Amino acid sequence: GTIVYASDYDMGRSGIAYHDIDSAEYWVSTNTRTQWNSGGKYRNDGVDIEACSDDITNGYNVGWIQNGEWLQYSVYAAEKTMYDLNIRVAGTEKSSKLTLLIGNQEVSELLINSNGKTGQWTTNTIRAVQLNKGWNQLRILAAAGGFNLNYFQFISAGSNAGTN
């Protein structure tokens with residue numbers, strides 16, 4: 001199935017393409033340098049990106065995900081179709097939870113199956129996600145942070161074997 005890497009979220013500013021708690025460097029007004037991209041990799045905006053250790057990767061993952069942060073992805077579907085969505089995560093907290101929104105409508109909530117280790121990647125699945133024909137705006141919201149996000153993969157609904 002088609003893979004979308006977490007670090008390839010839409011281009012745009014904070015509040016439009018993403019929301020990150022530390023979305024700017026405020027050292028001028030505070031005299032304390034707060035790094036806006038904690039990993040310092042791949043893109044120069046407020047999202048925290050680091051080198052990725054997973055087997056399948058574009059080289060980067062989004063990390064340091066905190067409550068309320070979100071990433072937006074524009075995804076094109078040739079026709080109205082139902083998918084299962086495999087989400088590749090490494091949880092740092094056992095109570096992590098994400099919410100999937102399509103076109104600002106909540107579609108599903110996922111409790112992340114995690115062992116609490118940042119480098120141990122697992123696949124979690126949201127079943128029966130419907131994409132409309134044309135462009136769809138997907139938003140992954142950290143309802144409860146504490147996980148790193150590598151990618152999500154669209155699999156034809158019903159054909160998902162669910163690998164870890």
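The basis for the numbers below is simple: all heavy atoms, side chains too, and nothing from hydrogens, waters or symmetry mates. These numbers were taken from a predicted model, which means no experiment stands behind them. One is the number of the first residue; the rest follow in order along the sequence.
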Report yes or no: does Gln130 contribute a side-chain atom to a donor-acceptor pair with the main-chain N or O of Lys80 at less than 3.5 Å? no
Ala17 to Trp70 - nearest heavy-atom pair and separation: C-CZ3, 3.5 Å
Is Tyr73 reachable from Val129 through a run of I, L, V, M, F, W or Y residues, each pair having side-chain heavy atoms under 4.5 Å apart? yes
Answer with yes or no whether the hydrophobic clustering places Tyr83 together with Leu138; edges join I, L, V, M, F, W, Y residues whose side-chain heavy atoms lie under 4.5 Å apart. yes
With hydrophobic residues grouped by side-chain heavy-atom distances under 4.5 Å, do Leu101 and Val89 end up in a single group? no
Measure across Ser7 and Ile49 and return the closest heavy-atom pair with its distance rounded to 0.1 Å. CB-CD1, 4.2 Å
Can you see whether Asp10 engages Ser74 through a side-chain donor-acceptor pair at a distance of less than 3.5 angstrom? yes
Interatomic distance, OG1@Thr125 vs CD1@Ile87, rounded to 0.5 Å, equals 8.0 Å
Got more than 12 heavy atoms from elsewhere within 6.0 Å of CE, Met11? no
One pair to check against side chain to side chain contact (heavy atoms under 4.5 Å, CB included): Leu110 and Leu100. What are the steps and the verdict? CA-CA 8 Å; Leu110 176 69; Leu100 175 67; over 6 Å; no
Validation row: Trp121, Asn61 side chains within 4.5 angstrom (heavy atoms): yes
According to a 4.5 Å side-chain heavy-atom criterion applied to Ile, Leu, Val, Met, Phe, Trp and Tyr, with indirect links allowed, do Ile102 and Tyr18 form part of one hydrophobic cluster? yes
Rounded distance (nearest 0.5 Å) linking atom CG of Leu98 with atom CD1 of Ile112: 4.5 Å
If you round to the nearest 0.5 Å, how far is NE2 of His19 from CG of Leu71? 10.5 Å
Would you tabulate the side-chain donor-acceptor contacts of residues 142-153 under 3.5 Å, counting partners in other chains and residues two or more places apart, or write 'none'?
residue : atom : partner : partner atom : Å
Asn148  : OD1  : Trp64   : N            : 3.3
Asn148  : ND2  : Glu50   : OE2          : 3.3
Asn150  : ND2  : Asp54   : OD2          : 2.9
Asn150  : ND2  : Ile56   : O            : 2.8
Gln153  : NE2  : Gly1    : O            : 3.3

Is there a path of hydrophobic side-chain contacts, each under 4.5 Å between heavy atoms, that joins Leu141 and Leu85? no
How far does OG1 of Thr123 sit from CD1 of Ile155, to the nearest 0.5 angstrom? 9.5 Å
What distance separates Ile21 CD1 from Asn67 CG, expressed to the nearest 0.5 Å? 7.5 Å
Check against side chain to side chain contact (heavy atoms under 4.5 Å, CB included), Asp45 and Asp20: CA-CA 9 Å; Asp45 60 23; Asp20 193 275; over 6 Å; no
Is there a side chain to side chain contact (heavy atoms under 4.5 Å, CB included) between Tyr60 and Asp8 once you walk through the steps? CA-CA 9 Å; Tyr60 306 98; Asp8 291 332; over 6 Å; no
Approximate separation, where rounding is to 0.5 Å, of Leu111 CG and Asn124 CG: 9.5 Å
Could you name each residue pair satisfying side-chain hydrogen bond (donor to acceptor under 3.5 Å, both in side chains) that touches residues 134-147, not counting sequence neighbours? Gln72-Arg139
